[in-house]
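Worksheet: the structure to be examined is printed underneath.
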Amino acid sequence: MSERIKRLIIMVAGAVFLSLICFFLGDFSMNKNIEEMRKYYNSIEGVWSAADTEYKLEIRRVTSAHVVFSIWDKANEVKTDFFSATVEDEENRYRFSAGSMTDYFGDDGYYKKDGIISLQEGVIQLQLTTTGGKTVSTVKLTKKEPLPKKNKISLDSYLNQAAKVPDSCISFQDSEGRNWFIHAEMTKDKYEYSFDGINRYSFETDCESRWGENHESTQINPQYKQVVYRKENQVFTVLFDQYGLVSQIECMSETENNKREGDFLMYGDTVMKYLGSYQKDTKISLPEHTKKLASGAFSVSNDVNQNKGMGELTIDIPPNVEIEKGAFANCKRLHIRLLNGRKVIEEGTFAHLLSDEATEATSNWVRISLPTSIQRLERDAFNQMDAAQSWPDYVKGITQHKKSPVVVENAGYVKEMEENALCGAVVEGADLYRGNMMTTFPKHILIYMKTQSSRFCIPKKVKKLKKGDFVFLHNSDIGFVEQGDSNIGSDWYDDDWFESTIKLSDELEEIEEDSILPNGEMPILIAGENSDFFVNNKDDWLFSKDMTELYATAFSDRIKIPDSVKNIHGYALYGIDGDYAIDGENIVIPAGVQKMSRNAFYKVSSDIYFEGAVPEFYGDFSEDTLAEMEQMSKSIYVKRGMKRDFIHALLKGQKVTEERRKEVESKIKGY
C-alpha cells in the first residue's frame, strides 16, 4: 500500500472520528437542552396566584406547544374545566379561546372567552379579553403552590385481571371474572386516571407515540373527536375535547369471544355496550346474530356528550332479542322501536330510564314504540318514578322544570297491565285503550294529547278513577317531544286547545279526590249519555247525578253554582276564568255547601263569597295550591264574625310556614 493511500485512509478515519465526536457532543448538548427544557416546563406546574388578584391558574402540564390549565375565580370560588393554550411565538406566549368559560365569567355584558398566558422568569401573566378583543383583565401571578392532590390510578393493572375497577369506571368481565373492557371518564376531578401513560392532560400526538397511527377517526361535533387506536390485541377508543385533550378512554382486549363489531361491543351474541355517537340523527342496526341486550348496553353517563344539540338515535329491536333490565337505564335521547311479534314487556325492563340529573339543559327524552302484537305489560315495565317521590312533584319536574319524559307510543294495543306498568310515563291519549276492556285504570300516568282539539275516553269497564290516576299534558308542557316544530314552545297558545275533553264512560261510578290533576288548563269532563252517576249542565260543568257534588267547571258567560251543591271537589273551580264572565262576576258559594276540598282554591281567578256557615275542609293543600293562594290577587270573603273560624278550619292540620300562613290569612276577609 502506497504512502499516499495510507495518508488518505488516515485522513478519512480522522474526519469520521471528528464527525462522531461532534455528533455525540451535539447529541449530548441537545439532550441536555431538552432535559433542561423539560425541567423548566415541569417547574411551572402548580397553582399560581398573587395577592389582590381575582384569578388563580392551576397549570397541570407545559410543553413547547401547549399549556394545560384551569382558571380559578377566587371571589366566587369557581373553577373551570381544563383548557389548552397553544404557543403563539418564541417568547413563551400561549393563546387560548375558552368558549365554556362563559358559564363562569362575565363583564358588563361581555363574556371573557379569549386570553393569553405569558411565561416569564418567576412570573406568569394572564390576560383575559372579550369576544370583541377588549382586554378586561390583566394579572401577574408570582406565587406558586403545589398542585391539588389527586388519586393517581393507572388502569393498566385492571385489564385482564379479576379486580374490581374504581367506582366511577365501567367494566365488563369474562366468565372467569377478568376485565376485558374498561371505560373511564378522564374529567373526574377527584381522580387522575391513565392508560399506558395517557391521562387527562394528553394530546393526540401523545397517543400516537404510544399506540401508533389511529385506526379510525370521527369528528362527532365541533367540540369532540373520537379516535380508535389498535395495539396488538388491545383497542383504545379515545374522546378528545375541543382543546385536543383526552376526555374519556375505553380500552378492551379483543379475543375470539369478545369483539368490537361496528359501533357495538359484543360478548358472543350479547350486546354489552353501544359505542357509537350520540350527537347525530342515526339509525342503529344491531348485529344480525344479536340475542340479548345486556344491562347498561345503552346507558350514557352524564358527561359532555349530553346536550341540546344531540341527535335522535333510532333502534329497531326484533322480538327474539332479550332485553335485560337496565339495558336502557339513563339512555338519554333515543327512539326504541319494538318490532312486531313481541307480546310481553317483562318486569322493570324500561324502568327508570332517565337520570335524576336530567334537566332543561339536557332536554333529552326517550320514545318507545310498542308493536301491535303487544298484549301485556308486567309490573313496573315502564315505571319512571322513585318510590320516595310524590306524584305532584314528579309532574312538576316534567312540566314546570321541563325534565325529560319517557313517551310510550301505541299503548292502546295492550290488553293487560300489571301494577305501576306505566307509572310516570307519558302516553299519547288519542289511541290509548283503543277498544280496551280494562276494569282498572293504570295509576300515575301522563296523557299527552297531540292535537289541539282531542277527546280522551276512559275505558268502558273502569268503575273508579283513583287519586293520582293521570295528568293531561299540553304541547307547551313537553314541547321538546315535538322536535323541530317551530310552532310549539313554552308560550304556545290557542283557544282551540281548551276544547280537549275527557269522555267518561257510562259505567264509571266514582271519581276520587285528586284523580285528575290539572296542568296548564283543566280539560272538560263529559259524562256518559246514559250515566247513572254523573251529569253536565249546559256549560259543561260536571256534577253528580243528583247535582250535590261539583267535580269540575269550564268557561262560562255567567258564574253560577247551583244551590243544590253540598260538596265542592279539589280543583273544581279551576275551569272558571273571571275575565270571561259578564261584568267580572264573583264566585258565590251557596249556603248549602257543607264540604269543600282545600285544593278547590287552586288558581281561582275571581273573588269568592261564602253565603253560609264555615264548611268542613278536607284533603291536604298541595304545594301548588298554597303557592297560588300566596300570589292570588283576589280575596275570599266570609260572613262577618266567621273569619276566625274559617281560617282555623282551613289551616287545621296543615303544615305551613308562619310566613305562608300570614299570606293565606291576608286573602280572607269579612263582609
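Position 1 is the first residue of the sequence, and the numbers go up from there. Side chains are part of it too, since the values below use all heavy atoms of this structure and drop only hydrogens, waters and symmetry mates. Note that the structure is predicted; figures quoted are calculated from it, not measured.
A side-chain N or O of T255 and one of N258 form a donor-acceptor pair less than 3.5 Å apart. A donor-acceptor pair shorter than 3.5 Å can be found between the side chains of Y193 and S168. Donor-acceptor pairing under 3.5 Å is lacking for the side chains of R61 and S84. A donor-acceptor pair shorter than 3.5 Å cannot be found between the side chains of S299 and N330. H183 and E185 are linked by a side-chain donor-acceptor pair at a separation below 3.5 angstrom, with hydrogens and angles left out of the test. For the 3.5 Å distance criterion, the side chains of Q173 and W180 fail to qualify, holding no donor opposite an acceptor. A side-chain N or O of D114 and one of S97 form a donor-acceptor pair less than 3.5 Å apart. With hydrogens and angles left out, the side-chain atoms of S137 and E54 include a donor and acceptor closer than 3.5 Å.
Ring-centre distance between Y224 and F240: not below the 6.0 Å cut-off. Between F172 and F181, the ring centre distance stays below 6.0 Å. Close placement of the F203 and H66 rings is indicated, their centers lying within 6.0 Å of each other.
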Would you list the atom pairs, donor with acceptor, under 3.5 Å between side chains in residues 115-127 and any protein atom, with sequence neighbours excluded?
none

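In this structure, the side chains of V271 and K292 stay at 4.5 Å or more apart for every pair of heavy atoms. By the 4.5 Å heavy-atom criterion applied to side chains, I284 and L334 are counted as neighbours. Residues F350 and I323 form a side-chain contact, since some pair of their non-hydrogen atoms from C-beta on lies under 4.5 Å apart.
Other residues, nucleotides and ligands contribute at most 12 non-hydrogen atoms within 6.0 Å of the NZ atom of K259. Around NZ of K150, the count of heavy atoms belonging to other residues, nucleotides or ligands within 6.0 Å exceeds 12.
Ring orientation note: the planes of F83 and F96 are close to parallel, at an angle under 30° on the 30°/60° scale.
With hydrogens and angles disregarded, no donor-acceptor distance shorter than 3.5 Å links the side chain of R200 to the backbone of S202. A donor-acceptor pair under 3.5 Å is formed between the side chain of N179 and the backbone N or O of A163. Side-chain atoms of K74 come within 3.5 Å of backbone atoms of T53 as a donor-acceptor pair (strictly under, hydrogens ignored).
Between Y243 and F82, the shortest heavy-atom distance links the atoms CD1-O, 3.9 Å.
Taking H335 as the reference, nothing meets the ring pair (Phe, Tyr, Trp, His ring centres under 6.0 Å) condition, with sequence neighbours excluded.
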Audit row: S253, N233, side-chain hydrogen bond (donor to acceptor under 3.5 Å, both in side chains) steps and yes/no = CA-CA 6 Å; S253 294; N233 71 325; 4.6 Å; no

